[in-house]
Number of protein chains: 2
Amino acid sequence: MGNEVISYLSKHIKLSPRQKELIEKCTIVKSYTKGTILLRQGNIANESYFVLKGIVRSYAINDNEQETTIEFYPEEQAIIPLTYGKRIPSTHFLECLEDCTLIINNPEYEQEMFAKYPEFESICRVMGEVMMAQLQESFTDYKTRKPEERYLYIMEHRPTLLQRVPLYQLASYLGIKPESLSRLRKRLTKNN
Amino acid sequence: MGNEVISYLSKHIKLSPRQKELIEKCTIVKSYTKGTILLRQGNIANESYFVLKGIVRSYAINDNEQETTIEFYPEEQAIIPLTYGKRIPSTHFLECLEDCTLIINNPEYEQEMFAKYPEFESICRVMGEVMMAQLQESFTDYKTRKPEERYLYIMEHRPTLLQRVPLYQLASYLGIKPESLSRLRKRLTKNN
DNA sequence: CTTAGTTATTGATGTTTGTCAAGAATGGAG
DNA sequence: CTCCATTCTTGACAAACATCAATAACTAAG
């Protein structure tokens, strides 16, 4: 069951055979039905996840009641809420867009693991750093690209998203209204 | 000299008198002239900073040779490059927009400090978490607000920026072209 | 003070997005 | 299968931004 986790982690750091063994042993797996809210904005985030099957969306609602999709997490993605393990209320929601199978983690269990297998702590630290760098990069990218360029990027690099995600949610991910995404797509099919 | 650091840190975490004393003792201060590049995109970031005087800009250049301002760091701001202490090349530049006086830090010095004063490690960890949360929040905010709203936010919360920063750099921070910022400003003065 | 270089504004024009409203397509529940 | 709710598309119009080009304002160096 932990194979997917190992394949994911291996993209970012080198794992020793012993570490791989460890990960396989220590995973808690749960399933959720489509539509399940894993975390609510304002609540405390006391779990982190790893997606084995399905797709999870993270989104936030601001004072204008506008909903913004922050990220989609399909298979082989780690989901670590920003407020994970802190006392601060969560800044965003987590929602299952399909029936999902997830690996669950929580701070207490993590601490237990760290005590038993100290190497685990640096793995987690590195993962945190990687996520932060990715976040910064996508922010920079977001500022320099137009919605159309962002859409084309997704078509090229994450084409399955288009089949699995409602377009109005993709629109809020791109930072435009659903109508604009609709027209953008029409434009693209015409010109090619 | 460390007073400003203490005042900054105190905004985010509680410091004991002993910790404050520590910080005062252990700071390395340097000065740079306007225009100095502290860090280049592609290079290794082996220093982090704290601004005592002046203002530093972080920006990135993407494949289209477009320059995007990521953040302005005036007095009392910590600057921790995302790739700080890692072997990854930096994703952004750091540039002094004025003559600057900065507190310098590097990973080796940090490790030394951690060994001597273990409490320091958790201070740094918390600071990292705070920065990450801020980054995520500004990203979400960026997606839901229009350029005009972002400009008004700066006028209200960081009014000094407008006097210290060239408008074309502020424009790239807001995600628009200088011409558009110019017109946006004109619009606002007319309607109020 | 003058000049060269940078930064800011303005005008004209085309494209894209937002908004409001209506209609078409899709999908799930009974 | 039918119906209802959600999701997607389309139209018309206004607002905002990008682009190109020219001019104005400002700054720093000689």
Side-chain angles (χ1 to χ4, degrees), chain A residues 33-37 54-55 57 59 62 64-69 72 95-99 141-155 161-192, chain B residues 33-37 54-55 57 59 61-69 72 95-99 141-155 161-192:
Chain A
T33 58
K34 176 175 176 174
T36 304
I37 304 288
I55 186 163
R57 178 173 76 115
Y59 64 99
N62 73 2
N64 307 341
E65 310 219 349
Q66 280 223 335
E67 189 182 300
T68 312
T69 297
F72 298 104
E95 172 198 17
C96 297
L97 295 186
E98 304 171 353
D99 290 346
D141 238 62
Y142 188 91
K143 276 191 189 172
T144 46
R145 315 277 179 198
K146 291 182 258 176
E148 178 173 320
E149 296 177 300
R150 298 199 282 275
Y151 177 79
L152 287 171
Y153 181 88
I154 289 177
M155 279 210 66
L161 267 193
L162 297 175
Q163 283 121 39
R164 302 176 71 179
V165 160
L167 289 177
Y168 75 94
Q169 291 180 3
L170 185 64
S172 88
Y173 180 68
L174 296 172
I176 53 177
K177 300 286 161 189
E179 298 95 324
S180 297
L181 177 56
S182 191
R183 295 195 174 93
L184 192 162
R185 283 159 58 86
K186 199 179 178 183
R187 236 164 38 218
L188 290 173
T189 51
K190 270 195 179 177
N191 301 349
N192 299 306
Chain B
T33 58
K34 176 174 174 173
T36 304
I37 304 289
I55 185 163
R57 178 174 75 115
Y59 65 99
I61 297 180
N62 72 1
D63 354 310
N64 306 342
E65 310 219 349
Q66 281 224 334
E67 187 182 300
T68 311
T69 297
F72 298 104
E95 172 199 19
C96 296
L97 295 187
E98 304 171 354
D99 292 345
D141 237 62
Y142 188 90
K143 276 190 189 172
T144 46
R145 315 276 177 198
K146 290 184 256 176
E148 179 173 319
E149 296 176 300
R150 298 199 283 275
Y151 176 78
L152 288 171
Y153 182 88
I154 288 177
M155 279 210 65
L161 267 193
L162 297 174
Q163 283 122 39
R164 301 176 72 179
V165 160
L167 289 177
Y168 75 93
Q169 291 180 2
L170 185 63
S172 88
Y173 180 67
L174 296 173
I176 54 178
K177 300 288 161 187
E179 299 95 322
S180 296
L181 177 56
S182 191
R183 295 197 174 92
L184 193 161
R185 283 158 58 87
K186 199 179 178 183
R187 235 164 38 220
L188 289 175
T189 51
K190 271 194 179 178
N191 301 350
N192 300 306

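Just so we're on the same page: letters track the sequence lines, and every chain starts at 1.
Dashed line: the shortest gap from a side-chain N or O of A:S180 to OP1 or OP2 of C:dT16 is not under 4.0 Å. OP1 and OP2 of C:dT16 both lie 4.0 Å or more from every side-chain N or O belonging to A:K146.
Rounded to whole Å, atom C1' of D:dT7 lies 14 Å from atom CD of A:E67. Protein atom CD of A:Q66 is 11 Å distant from nucleotide atom C1' of C:dG18, rounded to whole Å. Between the CG atom of B:L181 and the P atom of D:dA16 there is a distance of 14 Å, given to the nearest Å. One can place CG of B:L184 at 14 Å from C1' of D:dA18, the figure rounded to the nearest angstrom. Atom CD of B:E179 is separated from atom P of D:dC20 by 10 Å (rounded to the nearest Å). In this entry the distance linking CZ of B:R183 with P of C:dT13 reads 13 Å, nearest Å. Between A:Q163 atom CD and C:dT26 atom C1' the separation is 16 Å, expressed in whole Å. Note: NZ (A:K177) to C1' (C:dG18) measures 8 Å, nearest angstrom.
Rounding to the nearest 0.5 Å gives a distance of 11.0 Å between CG of A:L152 and CZ of A:R145. Rounding to the nearest 0.5 angstrom, the gap separating the CZ atom in A:R185 from the OH atom in A:Y151 is 4.0 Å. To the nearest 0.5 angstrom, B:D141 atom CG is 7.0 Å from A:N62 atom CG. Distance check, rounded to the nearest 0.5 Å: CG of B:L184 to CG of B:L167 gives 11.0 Å. Here A:K143 contributes atom NZ and B:Q66 contributes atom CD; the two are 12.5 Å apart, rounded to the nearest 0.5 Å.
Among the nucleotides C:dG18, D:dA16, D:dT10, the one closest to any side-chain atom of A:K186 is D:dT10. Distances from the side chain of A:R187 to the nucleotides D:dT9, C:dT9, C:dT16 place C:dT16 closest. Relative to the side chain of B:I176, the nucleotides C:dA12, D:dC17, C:dT17 differ in distance, and D:dC17 lies closest.
Of the possible donor and acceptor atoms, one in the side chain of B:S172 sits under 3.5 Å from a partner among the backbone N and O of B:T69. Formation of a donor-acceptor pair under 3.5 Å by the A:D99 side chain with backbone atoms of A:K34 is found in this model.
Between its two ends, the helix from C:dC1-D:dG30 to C:dA22-D:dT9 turns its axis by 50°, counting five pairs per end and rounding to 10 degrees.
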**Message:** For a side chain to side chain donor-acceptor pair (under 3.5 Å) check, start with the C-alpha distance between A:Y173 and A:R57, then their side-chain angles and the critical distance, and finish with the verdict.
**Reply:** CA-CA 10 Å; A:Y173 180 68; A:R57 178 173 76 115; over 6 Å; no
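The only option from A:L174, A:I176, A:L181, A:L188 that meets the side-chain contact (heavy atoms from CB on, under 4.5 Å) definition with A:E148 turns out to be A:L188.
Within residues 164-174 of chain A, the residues that place at least one heavy atom under 4.0 Å from DNA chain D are, in residue-number order, A:P166, A:L167, A:Y168.
Remark on DNA chain D: of its neighbouring residues B:K34 and B:G175, the 5'-side contact belongs to B:G175, judged by nearest-heavy-atom nucleotide.
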